[in-house]
Amino acid sequence: MTEPSSENAEDRLVKARERLKLMRAATHSGSSENGPAPSSDGPSRRGTGMADEERVKATAANGRLTGLELDPRAMRQPPDELAAHIAAAANAALDDLRTQAKPTDTEPTVDPAALVQTLQNVQEQGMRQLALINQSIGEALAKARASIR
């Protein structure tokens, strides 16, 4: 059996659950507070998209639009047409980014719900073991008291 840590097991479980809640919130929102974190495994992927005969160019990285270039000729168009071209280029850049991520995305995904269930099972098992230890200590104290009398 391993030696108990100086930190209370219940405190560690509370901290682990808090971290899990943060992970679950980030998973549901699709990003962290400041947007998705870039991959630390290597260079971040970049997607590019173009519209209006390459007069409108968009770039995307980490699931967000990172750049937009407009040819001066594109600026002569009516605003609604220009907006449609910008949207098309941005969507093409994001689609390009998604297609790059699919074949090379080999990182394992974490299912927060399964992780929560596992954590709860570990906590319940730990509490049962602590109860058994507490019972054994109580019995040992009772025997010690009985032998003193």
Side-chain angles (χ1 to χ4, degrees), residues 1-52 54-70 74 79-80 82-149:
M1 189 175 235
T2 61
E3 283 189 30
S5 166
S6 62
E7 185 178 23
N8 185 334
E10 191 171 335
D11 291 340
R12 287 184 289 163
L13 286 170
V14 168
K15 288 177 184 177
R17 281 190 173 159
E18 288 301 318
R19 284 191 303 259
L20 213 55
K21 284 180 188 177
L22 292 173
M23 283 177 46
R24 183 180 285 164
T27 300
H28 289 305
S29 70
S31 66
S32 67
E33 220 173 90
N34 299 319
S39 174
S40 60
D41 295 342
S44 64
R45 297 178 187 103
R46 294 178 61 94
T48 57
M50 297 181 205
D52 191 28
E54 298 186 8
R55 291 185 189 118
V56 179
K57 298 178 185 178
T59 56
N62 299 320
R64 297 183 133 339
L65 191 62
T66 58
L68 183 64
E69 294 178 36
L70 300 174
D80 57 334
L82 180 59
H85 293 306
I86 290 172
N91 286 330
L94 291 169
D95 288 342
D96 183 35
L97 189 61
R98 279 188 213 104
T99 58
Q100 290 177 31
K102 285 181 183 175
T104 60
D105 191 7
T106 58
E107 296 175 12
T109 57
V110 175
D111 179 8
L115 198 53
V116 166
Q117 183 61 46
T118 301
L119 183 60
Q120 287 173 342
N121 292 343
V122 168
Q123 181 182 19
E124 289 169 7
Q125 181 182 3
M127 296 306 284
R128 285 191 299 268
Q129 288 177 339
L130 285 173
L132 288 173
I133 291 169
N134 191 29
Q135 180 182 356
S136 297
I137 290 172
E139 290 171 1
L141 285 173
K143 286 181 184 178
R145 286 184 188 132
S147 67
I148 293 173
R149 292 181 188 160

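These numbers were taken from a predicted model, which means no experiment stands behind them.
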Tell me yes or no: between the side chains of Gln135 and Glu139, is some donor less than 3.5 Å from an acceptor? yes
Using atom types as modelled and distance alone, determine if a side-chain donor or acceptor of Gln100 lies under 3.5 Å from a backbone N or O of Arg46. yes
Approximate separation, where rounding is to 0.5 Å, of Ile86 CD1 and Asn91 CG: 12.0 Å
Heavy-atom closest pair (Ala93 atom, Ala58 atom, distance to 0.1 Å) is CB-O, 3.6 Å
Where do Leu97 and Gly47 come nearest, in terms of heavy atoms and distance? CD1-N, 3.8 Å
With a 3.5 Å distance limit and no angle check, can you tell me whether Asn134 reaches the backbone of Leu130 through a side-chain donor-acceptor pair? no
Approximate separation, where rounding is to 0.5 Å, of Glu69 CD and Arg55 CZ: 15.0 Å
Would you name the heavy atoms of Ala74 and Asp52 that are closest together and state the gap between them? CB-OD2, 4.1 Å
Can a side-chain donor-acceptor contact be found between Gln117 and Asn121 if the only test is distance below 3.5 angstrom? yes
Are Leu68 and Val56 close enough, and set up right, to give a side-chain contact (heavy atoms from CB on, under 4.5 Å), and what steps lead you there? CA-CA 7 Å; Leu68 183 64; Val56 179; 4.1 Å; yes
May I ask you to test the Arg128-Leu132 pair for a side-chain heavy-atom distance under 4.5 Å? no
Rounded to the nearest 0.5 Å, how far apart are CE of Met50 and CG of Asp96? 9.5 Å
Side-chain H-bond candidate by donor/acceptor type, Thr66 with Thr59, under 3.5 Å: yes
